[in-house]
Amino acid sequence: MTVLPPTEQRWALDQSVDDLVRGEAVWAACDLANRRELLERMRAATAEAAEAWVRAAAAYKQLPDSSPLIGEEWITGPYPVLTSLGALAASLTALEEKRSPVDGFSFGRAPGGRVTVRVLPHSVWDRLLLNGFSAEVWMPPGTTEEEVRERAGLAQLHPADTAGVGVVLGAGNITSIPVLDVLYELYAHNRVVALKLNPLTDGLLDVFNRVLAPLVDLGAVRIVTGGAEVGTYLVHHPKVRHVHMTGSAATHDAIVFGTGTEGADRKKAGAPLLDKPVTSELGGVSPTIVLPGDWSEADLRYQAEHIATQKLHNNGYNCVASQVVVISADWTQKDRFLAHLRAALTDAPVRPAYYHGSDDRVARALGAYGDDAERIGAGRVLITGLDPAAPGPALTTEHFAPVLAVLEIPGDPRHFLAEAVHTANEEFTGTLGVNLVAHPGTMAVLGSALDEAVAELRYGTVALNAWTGVGYLTATASWGAFPGHALDDVQSGIGVVHNALLLDGPERTVVRGPFRPAPRALLHGQTTLSPKPPWFVTNRTAATTGRLLADFAAAPRWTALPGIFASALRG
């Protein structure tokens with residue numbers, strides 16, 4: 001039985017949709033110059049609202065003002081919105097000048113006949129602030145460089161051809177997601193947008209209205225709050241033509257097919273309850289594959305902190321949080337690595353379980369694995385001893401909580417890599433992101449086999465010696481599941497977001513980072529200048545560095561760099 005909002009609320013929602021129907025004509029009349037100006041005005045508004053944004057996010061996540069973890073809210077809140085607004089504005093400038101948004105970006109080749117676009121580093125700022133990190137967007141096999149250039153721009157190639165009213169069901173975990181999704185609907189697809197906030201983020205309503213004010217004033221965006229009944233009413237509204245959501249596969253299926261036995265029957269029959277197109281960015285079970293090698297104690301400690309970050313960033317409430325560490329059972333340093341991993345999980349700052357259902361999901365993980373599930377610190381769980389033949393729910397159920405499992409597969413680096421890739425592709429639920437960690441010596445031994453493994457992994461973002469979250473933070477990279485999923489087997493979703501170059505049909509993003517941070521990397525002949533990244537949960541100056549990075553993203557300038565470098569090095 002469908003629960004409807006109260007009559008007065010339904011009237012207000014109808015009014016918002018009617019506003020957007022009228023606003024679509026206004027949006028259609030906006031030329032590229034006007035649309036670029038809107039982006040520039042939103043960038044200024046975001047800079048002005050950034051402090052209030054972070055305070056509101058920290059309040060609902062129950063982070064004290066003095067916590068370094070506040071840095072997470074700067075780096076995943078206003079910062080990626082500021083960089084995306086700038087990158088989208090640059091793409092529109094190119095189109096205004098009759099150029100392709102990818103002009104000036106380097107093209108390359110990847111296994112399988114793929115064309116790649118190097119999106120990081122691009123500017124001098126990238127080379128300085130993210131030295132040692134890189135990212136490429138890989139296009140599907142057979143796509144030519146000429147086709148990439150001609151098609152980049154998506155809906156902005158024909159800005160007057162609008163696509164109706166869309167609904168965005170906002171995320172409750174990472175606060176930049178709702179704004180970035182709204183921008184993508186408008187600029188990639190020419191849809192005006194009703195943004196329905198997740199109730200967790202209701203405290204950001206004023207901030208989002210301030211940030212999106214140029215679009216709200218134009219009539220191209222309306223922001224509403226409420227529970228599931230509001231979302232249900234909007235997605236089924238007769239004047240709404242499209243739905244985009246961020247969340248879990250279970251929530252997706254409830255929206256598309258309905259709940260209970262009837263919903264399951266509809267899904268089985270391939271008969272959606274929701275009769276309009278749906279795109280989505282959903283979670284899944286993200287693996288981190290650790291290749292065996294000859295590591296120093298410092299390497300073991302640093303990469304343990306790296307993987308603890310992949311799990312504990314935002315307390316594990318990330319769609320791309322690592323959930324299973326895949327290691328070689330024959331790695332002679334396995335036990336030392338696991339000791340460092342336990343220590344990193346134990347020593348990471350404690351934070352409240354703010355996301356609804358977290359404690360229940362932790363309890364279910366403990367119940368499923370019994371003695372193999374080890375409580376670590378406050379509310380954290382490490383699961384070891386998984387049977388590769390019967391690993392249980394760890395590979396198929398997204399915990400969305402501070403629960404990390406370890407899966408051991410036998411083999412030397414080459415055999416282990418092949419088996420790990422096969423397991424990640426065939427046994428894990430979801431295709432949003434996969435991480436690989438490999439010592440430079442191991443990478444040299446594997447050679448082209450490592451590149452082939454990256455190509456073989458069916459994930460929307462693949463990160464080598466980096467976290468896939470770097471792909472999320474790169475405005476010009478694509479973000480989403482590996483292409484090919486359907487409504488009745490949605491996995492990690494359908495479609496992409498971010499993608500500020502407005503590339504047509506990207507296949508994946510591949511991120512690479514340094515195995516060691518500076519200055520230690522320099523002692524091993526590696527020329528990265530990047531210290532411990534500010535998104536590490538163990539970074540002591542993350543709050544200060546995050547604030548400085550957001551300020552820089554609002555107005556890039558040479559004079560801001562010394563302060564950023566000084567704070568980053570102290571982290």
Side-chain angles (χ1 to χ4, degrees), residues 51 53-79 172-176 200 286 288 298 300-323 325 337-359 361-362 365 374-383 399-405 435 466-470 472-473 517 530-550 567-571:
E51 185 77 39
W53 183 328
V54 171
R55 282 200 308 269
Y60 88 81
K61 296 184 182 184
Q62 304 168 48
L63 296 175
D65 293 341
S66 60
S67 173
L69 296 173
I70 295 287
E72 293 181 358
E73 302 314 315
W74 283 103
I75 292 171
T76 63
Y79 172 78
N173 56 342
I174 296 296
T175 59
S176 56
L200 277 172
S286 291
T288 295
L300 292 166
R301 181 168 56 253
Y302 176 78
Q303 291 299 343
E305 290 183 22
H306 191 186
I307 294 172
T309 292
Q310 295 171 13
K311 175 72 271 180
L312 296 180
H313 183 281
N314 198 31
N315 209 37
Y317 310 134
N318 290 335
C319 289
V320 76
S322 179
Q323 183 164 304
V325 182
F337 169 74
L338 291 178
H340 280 290
L341 183 58
R342 281 188 180 87
L345 294 171
T346 301
D347 296 342
V350 175
R351 67 179 91 195
Y354 75 86
Y355 210 91
H356 51 79
S358 176
D359 290 339
R361 291 189 292 276
V362 169
E374 175 185 353
R375 285 187 179 274
I376 295 180
R380 297 164 188 167
V381 175
L382 179 64
I383 302 168
H399 292 308
F400 212 67
V403 176
L404 184 66
N435 313 283
W467 181 30
T468 48
V470 178
Y472 178 92
L473 294 176
S530 291
K532 178 187 292 186
W535 53 83
F536 268 42
V537 294
T538 51
N539 191 300
R540 296 180 302 244
T541 61
T544 302
T545 306
R547 179 195 297 270
L548 291 171
L549 285 171
S567 179
L569 287 169
R570 290 195 305 271

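- When every heavy atom of L69 is checked against every heavy atom of L63, the shortest pair comes out as O-CD1, 4.0 Å.
- Counted by atom type alone, S67 and D65 present zero donor-acceptor pairs between their side chains at under 3.5 Å.
- E374 has its side chain within reach of R342: a pair of non-hydrogen atoms, C-beta onward, lies under 4.5 Å apart.
- Remark: the N314 side chain and the Y354 side chain contain an N/O donor-acceptor pair separated by less than 3.5 Å.
- Atom OG1 of T288 and atom CD of Q310 lie 4.0 Å apart (nearest 0.5 Å).
- No donor-acceptor distance shorter than 3.5 angstrom exists from the side chain of T545 to the backbone of P534, with no hydrogens or angles considered.
- To the nearest 0.5 Å, atoms CG (N435) and OG1 (T468) are separated by 4.5 Å.
- Between the side chain of K532 and the backbone N or O of N539 there is no donor-acceptor pair closer than 3.5 Å.
- Side-chain contact, S176 with Y472: a donor N or O sits under 3.5 Å from an acceptor N or O.
- Side-chain atoms of W467 and V320, non-hydrogen and from C-beta on, do get closer than 4.5 Å to each other.
- I383 and V403 make their closest contact through CD1-CG1, 3.8 Å (heavy atoms, listed as atom of the first residue, atom of the second, distance).
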Applying side-chain contact (heavy atoms from CB on, under 4.5 Å) to V537 and E72, what does each step give before you reach the verdict? CA-CA 9 Å; V537 294; E72 293 181 358; 3.8 Å; yes
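- Nearest approach of L200 to H356, heavy atoms of both residues: CD1-CD2, 4.1 Å.
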Intermediate values then yes/no, side-chain contact (heavy atoms from CB on, under 4.5 Å), L404 and S322: CA-CA 7 Å; L404 184 66; S322 179; 4.3 Å; yes
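- In this structure W53 satisfies the side chain to side chain donor-acceptor pair (under 3.5 Å) test together with T175, sequence neighbours excluded.
- Checked by atom type and distance alone, the side chain of Q323 pairs as donor or acceptor with a backbone atom of H399 at under 3.5 Å.
- Of all the heavy atoms in S567 and L548, the pair that sits closest is CB-CD1, 4.0 Å.
- Within the 6.0 Å centre-distance limit, the rings of Y302 and F536 are counted as a close aromatic pair.
- With values rounded to the nearest 0.5 angstrom, L382 atom CG is found 7.5 Å from L338 atom CG.
- Residues W74 and A550 share a closest heavy-atom pair of CE3-CB, 3.6 Å.
- No option in R351, K61, R547 other than K61 meets the salt bridge (Lys or Arg N to Asp or Glu O under 4.0 Å) test with E73.
- A donor-acceptor pair under 3.5 Å links the side-chain atoms of R380 to the main chain of L345, judged by distance alone.
- Under the side chain to side chain donor-acceptor pair (under 3.5 Å) criterion, N315 pairs with Y317, not counting sequence neighbours.
- The closest side-chain heavy-atom distance from H313 to T76 is below 4.5 Å.
- Nearest heavy-atom pair, A321 versus S286, reported as atom, atom and distance to 0.1 Å: O-CB, 3.4 Å.
- Between the side chain of K311 and the backbone N or O of G316, no donor-acceptor pair lies under 3.5 Å.
- In terms of modelled atom types and a separation under 3.5 Å, the side chain of R540 and the main chain of P68 share no donor-acceptor contact.
- I376 places none of its side-chain heavy atoms less than 4.5 Å from the side chain of V381.
- Going from atom CG of N173 over to atom SG of C319 covers 5.5 Å, rounded to the nearest 0.5 Å.
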Could you give me the CA-CA distance, side-chain angles and deciding distance for D347 and T538, then say whether side-chain contact (heavy atoms from CB on, under 4.5 Å) is met? CA-CA 8 Å; D347 296 342; T538 51; over 6 Å; no
